[in-house]
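Chain A is the first sequence line, chain B the second, and so forth, proteins listed ahead of strands; every chain is numbered from 1.
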2 protein chains.
Amino acid sequence: MPLTLEALAILDAIDRKGSFARAAEELGRAPSSLTYAVQQIEAELDALLFDRSGHRARFTPAGRVLLDEGRGLLGAAQALADKTRQVAGGWEPQLTLAVEGILPVAPLLPVLDAFYRLGRATEIRLRHDVLAGSWDALASGCADLAIAGGEAPAGAGLRTRVLGSVEFVFCVAPQHPLARLNQPLGQADLAAHRAVVIADTARNLPLRSAGWLKQQARLTVADLPSKLAAQQAGLGVGSLPRWLAEREVAAGRLVRCEWTGGNPRETLHLAWRNGEAGRALEWFRRALAKPGVFAEAIDAG
Amino acid sequence: MPLTLEALAILDAIDRKGSFARAAEELGRAPSSLTYAVQQIEAELDALLFDRSGHRARFTPAGRVLLDEGRGLLGAAQALADKTRQVAGGWEPQLTLAVEGILPVAPLLPVLDAFYRLGRATEIRLRHDVLAGSWDALASGCADLAIAGGEAPAGAGLRTRVLGSVEFVFCVAPQHPLARLNQPLGQADLAAHRAVVIADTARNLPLRSAGWLKQQARLTVADLPSKLAAQQAGLGVGSLPRWLAEREVAAGRLVRCEWTGGNPRETLHLAWRNGEAGRALEWFRRALAKPGVFAEAIDAG
DNA sequence: CAACTCATTCGAATTGTTCGAACATGCCGC
DNA sequence: GCGGCATGTTCGAACAATTCGAATGAGTTG
């Protein structure tokens, strides 16, 4: 019987209660039972765990090691039991959310908080992807639930639900030449200026492009914050989601330009794989579909 | 019976052998015994661990979680048992070695390697201290065995053994004014130049000073590599242990200066606290006292 | 479809664990 | 210094959980 958790629990009780007798009481067994159990471990480990010279038994160094580290094991065992129970109840051990990079993280935090309050063992992972990246992550199993822009790739076994759309506003740095052009921009105005574009993170699906026109010189960056920084620095021009653009324009760090024919929009979908869904996925699907979660960033419809 | 290691071991065997029957064979028990045990866990956890629809039982997701993470627990339990056994056998759970900062680490590595080959669970921690720092670490219990320079502080209950002495060579950067002075240096020559000194790491014992003269301007650094770098950069002058100085002088990065009255020496001691010693301490005491370990750096006697 | 392997069920048997009382020891207050 | 008090241990008896073995039913393979 090479070490049992029960034995570790006994040592724990003895230490907490201070004596075999009290520990036995807590555990609802006779003191002699504990003596027997302890002797059992000592024989198994070839180690004296208690110093019996005095009146009451004291832990030896070896006993102390077993006790201290054993507590870690007990905790881990408890956690594992919990987790198993929850998985059996339909709660995934982990769930990965892929969020389109043009969305802010802030609105997500209360949702996460609410989920954690449920006390479920499901470990949440958050990732940001841009353009086709979210669809790709979902289709390839790297994510379980995605908020993705544009249309779903066909034949990937995905189900979707429209969340609304994000409006893109064309912005340039205050010191940029285009900032002085007091009329709506046309294609011709843009071709002469470098565009800042976000690289698509998709690895499998065909790449998509957004925010730039062919022939236009471009600076490719990895994510929205980088794009913002680049545009603020005057390194290039481009469209930014309205929630972000408004903040920056108000602060005077960017200037908004009108666009001939109105601002472009990107439709956002909540998406998940077809098939058996765990309860955490179900929960997040409901929570994120609620209108208002991304009210700041997404326009209904 | 809130989850037992034995149960996890059974799951492990079932997975490895592929069936209840073969697992039972490996464990030397009847198959029905495993069935019983598994049902026991399932009841306890309120979780189906096996999918019994087919001919042979397959793990459910919950079962898989319990199996995978349970293996970690089993390993940890095994390791804990080992460690306890070793501590009971007199091997400390951990041992901290404090090495005087003027010594190289290289000669220590084969010794550590030899220790690791013993297969003991004792975790070794290595720390570097300078001047009184090693004595201090030892006396305050922050270290168990030290290689320290100078004389042991009185009344701290320490035992020592002389290892030998380190010779200090006065060095300056090639471009330093003192490099051009072609005669042995005296006190007067030094007072005009900034000295690079190593800060004493002692926190409790009275601080000691080394390598500098009063009134001399000085740059204080934390360790030997910093001191070396500072001297190479010409930021100051000072003595370096011979093993280091020779290397640098040979490489042309420093110039050696003679000293009126010969080079100073620092005696090094192997030191440990009086009282009950564990077997790892004993082992290292023997290993480090062997002549030749630090032959490169320490001169016998 | 027959032979095989597999997991489960059931009652009986066994094994290890628990109990309770008696004992030995160390500690404290009077 | 001595009687209580609490401690941990020992021992045989009682117990209960676990294990076994044989029987059963179900699935796979040639």
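- By the side chain to side chain donor-acceptor pair (under 3.5 Å) test, B/R161 pairs with no residue at all, sequence neighbours left out.
- Note on residues 109-123 of chain A: pairs passing side-chain hydrogen bond (donor to acceptor under 3.5 Å, both in side chains), not counting sequence neighbours, are A/D113-A/R117, A/E123-A/R125.
- Evaluation of the salt bridge (Lys or Arg N to Asp or Glu O under 4.0 Å) test over residues 79-91 of chain A, restricted to residues two or more places apart or in two chains, returns A/D82-A/R85, A/K83-B/E69.
- Rounded to whole angstrom, the span from the CD1 atom of A/I41 across to the P atom of C/dG16 amounts to 17 Å.
- Rounded to whole Å, atom C1' of C/dT25 lies 14 Å from atom CZ of A/R58.
- Remark: nothing in residues 4-15 of chain B comes within less than 4.0 Å of DNA chain C through any heavy atom.
- Partners of A/R29 according to the side chain to side chain donor-acceptor pair (under 3.5 Å) rule, which considers only residues two or more places apart in sequence or in another chain, are A/E6, A/S33.
- Between the B/Q86 side chain and the B/W91 main chain, no donor and acceptor come within less than 3.5 Å of each other.
- Between the CZ atom of B/R29 and the C1' atom of C/dT14 there is a distance of 14 Å, rounded to whole Å.
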Check nucleotides 27-30 of chain C against the protein and report each pair of N or O atoms closer than 3.5 Å, with its distance, or say if there are none.
none

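- Remark: B/R58 engages B/D51 in a side chain to side chain donor-acceptor pair (under 3.5 Å) (not counting sequence neighbours).
- B/L49 places its CG atom 15 Å from the P atom of C/dA7, with the value rounded to the nearest Å.
- Going from atom CG of B/D51 over to atom C1' of D/dA26 covers 14 Å, rounded to whole Å.
- Under the side chain to side chain contact (heavy atoms under 4.5 Å, CB included) criterion, B/T35 pairs with B/F20, B/Q39, not counting sequence neighbours.
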Are there any protein N/O atoms within less than 3.5 Å of an N/O atom in nucleotides 9-13 of chain D, and if so, which ones and at what distance?
residue	atom	partner	partner atom	Å
D/dT9	OP1	A/R52	NE	2.4
D/dT9	OP1	A/R52	NH2	3.1
D/dT9	OP2	A/T35	OG1	3.0
D/dT10	OP2	A/Q39	NE2	2.6

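- Under the side chain to side chain contact (heavy atoms under 4.5 Å, CB included) criterion, A/H128 pairs with A/V99, A/V105, not counting sequence neighbours.
- Rounded to whole Å, the distance from NZ on A/K17 to C1' on D/dA6 is 17 Å.
- Between A/G28 and B/A21, the residue anchored closer to the 5' end of DNA chain C is B/A21, taking for each the nucleotide with the nearest heavy atom.
- In this structure, CZ of A/R22 is placed 10 Å from C1' of D/dT7, rounded to the nearest angstrom.
- Residues passing the side chain to side chain contact (heavy atoms under 4.5 Å, CB included) test with B/P61, sequence neighbours excluded: A/V87.
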query: Going through the distances and angles, do A/R273 and A/D144 end up as a side-chain contact (heavy atoms from CB on, under 4.5 Å)?
result: CA-CA 7 Å; A/R273 277 189 303 281; A/D144 304 299; 3.1 Å; yes
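- Applying the ring-ring contact (aromatic ring centres under 6.0 Å, His included) test to B/F115 and every residue at least two apart in sequence or in another chain returns B/W283, B/F284.
- Of the candidate nucleotides D/dT18, D/dC20, C/dA7, D/dT18 has the atom nearest to the side chain of B/Q40.
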